[in-house]
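Just the heavy atoms: all of them, side chains too, but no hydrogens, waters or symmetry mates, feed the values below.
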Amino acid sequence: MNGADTPASVAPPPGGPRFTALPPLALYVHVPWCIRKCPYCDFNSHEARGTPDEAAYVDALLADLESALPGVWGRSVGSVFIGGGTPSLFAPAAIELLLAGVRARLPLVPGAEVTLEANPGTFERERFAGYFAAGVNRLSLGVQSFSPRHLAALGRVHGADEARRAAEAALSIFGSVNLDLMFALPGQTLAECEADVAAALAFGTPHLSFYQLTIEPNTRFHSDPPPRLPDHDLAADMQELVAARLAGAGYRRYEVSAYAKPGHECAHNLNYWRFGDYLGIGAGAHAKVSSADRIVREVRFKQPKQYLASVAAGDAVMERREVPRDEIGFEFMLNALRLAEGVPAALFTERTGHPLALVAARLAQGVRRGLIDADPTRIVATATGQRFLNATLEMFLPDADPRQRTGGGAVAVIDVVR
């Protein structure tokens, strides 16, 4: 049976989507271990106690992928992203085994982007070269700052010199490199933020990501906040400085926190933001897969031991749910409105399987409030809508009545999306 077909024994959901063509497909692979859990991190990461059994985990990943294949028969993968945790804890041989197993099970489009996240604290030039030989063609390096003081405040395991050496090696080996940095750090001044921007620009990497430090629940910083966090006004000044300096250096801000030289946008993340489909394998991985008449979201078991056991038992999925009609507008906008240029209006129907009329009243309300651009051929936030992204997105929540929502608090937001 083709994965795009609906079994005859399963009735299509009432009011469900109707696709004429399925969205593009990507693959996310989660490696949950790290050297040390950073105090600001709310991702599914776990400090490695000893050396993880790489072979056993890769076997589990490929078994997990095997179980997901019936839902995507006949579809090709446009990008692969190996995230974490710290995937660069794994040896190149393990990554090579993983990618060979993926290619044996799923066709990758020619020239598919294959990204691996790396921590400068695990840097060895031979290791980076090994990842490249294994089939990784893009490296995303978690630098966060070039300041020793701020790296210490963030609990990072690497130093500023390690970050510089790792960035130089990554560029010489991969060429396609992203540097992740943060701003609004504890005790950071505007001049110190500018110094980080200048240091990042000196490498000339084709892609840079700048995220504002946010204090998230279930993190050490949430229970024990760091002192001297920049206030809202200073953080906003830092964001404007980052955007201006990067624009002046030839980088285009194509998403809330992502900047790229022309042609070097992250294909994998663009697929997320354009509401494409993605398989997710590994502990805690999320997936979104469309079929002819439904969109299904899945979450894998989060704890590594539980994930390994569940794969062995035949089903790694902790939660599986169909996205209902009344939530699809918010889910689409949550992604699409992050993009500086937005998306063509026709993409809503292409990627959700629902007519644009489903969100027409809310879009009109956004236009009246100055949050959504009036161009009927595109769905894009205005400069005000980008600045107050939370307020813009609230209009599309399932319980938000567009006839009654005429104001309300607006909170500037810089979300973290990898």
Side-chain angles (χ1 to χ4, degrees), residues 24-35 43 45 52 54-55 57-62 64-65 76-143 158 162-163 165-180 203-209 258 260-261 263-272 278-283 285 418:
L25 181 67
L27 172 65
Y28 176 77
V29 182
H30 194 73
V31 177
W33 293 283
C34 56
I35 298 172
F43 292 120
S45 58
E54 297 177 10
Y57 192 71
V58 170
D59 285 346
L61 289 171
L62 296 177
D64 189 1
L65 180 59
S76 297
V77 168
S79 63
V80 179
F81 196 104
I82 307 170
T86 304
S88 56
L89 280 178
F90 275 31
I95 300 302
E96 183 176 20
L97 187 64
L98 167 66
L99 291 176
V102 168
R103 288 191 176 93
R105 291 162 175 81
L106 272 175
L108 270 61
V109 302
E113 178 188 273
V114 181
T115 301
L116 181 127
E117 286 186 334
N119 186 323
T122 62
F123 164 65
E124 295 172 358
R125 187 178 182 88
E126 295 76 14
R127 200 175 187 87
F128 280 13
Y131 296 139
F132 184 75
V136 175
N137 55 29
R138 181 178 183 270
L139 200 74
S140 183
L141 198 59
V143 171
H158 68 272
E162 283 178 298
R165 289 196 299 270
E168 290 168 355
L171 269 171
S172 67
I173 293 168
F174 293 91
S176 183
V177 175
N178 169 62
L179 300 183
D180 268 352
F203 291 102
T205 57
H207 195 286
L208 292 168
S209 299
K261 293 182 178 178
H264 290 277
E265 296 82 1
C266 178
H268 188 84
N269 283 344
L270 279 174
N271 185 61
Y272 288 150
Y278 50 95
L279 292 173
I281 59 173
R418 291 204 285 193

How many angstroms lie between atom CG of D59 and atom CG of D64, to the nearest 0.5 angstrom? 12.5 Å
Looking at residues at least two apart in the chain, or sitting in another chain, which of them share a side chain to side chain contact (heavy atoms under 4.5 Å, CB included) with A166? P120, F123, F128, L141
OH of Y278 to CZ of F81, rounded to nearest 0.5 Å, is 13.5 Å
Can you list everything that forms a ring pair (Phe, Tyr, Trp, His ring centres under 6.0 Å) with H207? Sequence neighbours excluded, please. Y254
Applied to residues 87-112, the salt bridge (Lys or Arg N to Asp or Glu O under 4.0 Å) test, sequence neighbours excluded, yields E66-R105
Mind checking whether Y28 and H30 have parallel, tilted or perpendicular rings, split at 30° and 60°? tilted
Identify the heavy atoms of H268 and S79 that sit nearest to each other, and give their distance. ND1-OG, 2.9 Å
Output the distance between atom CG (L208) and atom CG (D180), rounded to the nearest 0.5 Å. 9.5 Å
Please report the closest heavy-atom contact between K261 and G204, naming both atoms and the distance. NZ-O, 3.4 Å
Non-neighbouring partners of A94 that pass side chain to side chain contact (heavy atoms under 4.5 Å, CB included), sequence neighbours left out: E54, V58, F90
Side-chain donor-acceptor contact under 3.5 Å, S209 with N178: yes
For the pair F174 and F132, name the ring-plane relationship: parallel under 30°, tilted 30 to 60°, perpendicular over 60°. perpendicular
Do you know the tightest heavy-atom contact between A112 and N137? O-ND2, 2.9 Å
Closest approach of G83 and E117, non-hydrogen atoms and distance? CA-OE1, 3.3 Å
So, for L139 and A170, which heavy atoms are closest and what is the spacing to 0.1 Å? CD2-CB, 3.7 Å
Taking the side chain as everything from C-beta on, heavy atoms only, tell me whether P92 gets closer than 4.5 Å to E126. no
Separation of I82 CD1 from I95 CD1 (nearest 0.5 Å): 4.5 Å
Do L65 and V29 pass the side chain to side chain contact (heavy atoms under 4.5 Å, CB included) test, and can you show the C-alpha distance, the side-chain angles, and the key distance before you say yes or no? CA-CA 10 Å; L65 180 59; V29 182; over 6 Å; no
Please name the residue in the list I281, V102, L97 that meets the side chain to side chain contact (heavy atoms under 4.5 Å, CB included) test with L61. I281
Please list, chain by chain and in numerical order, all residues satisfying side chain to side chain contact (heavy atoms under 4.5 Å, CB included) with E168, sequence neighbours excluded. F203
Side chain to side chain contact (heavy atoms under 4.5 Å, CB included) against T86, all qualifying residues, sequence neighbours excluded: C34, S88, L89, N119, T122
Taking the side chain as C-beta and beyond, is there a heavy-atom pair between L279 and V77 under 4.5 Å? no
What one should report as the nearest heavy-atom pair of L171 and P206 is CD2-CD, 4.2 Å
How about I173 and R125: do any of their side-chain heavy atoms sit closer than 4.5 Å? yes
Taken to the nearest 0.5 Å, the spacing of E113 CD from E265 CD works out to 10.0 Å
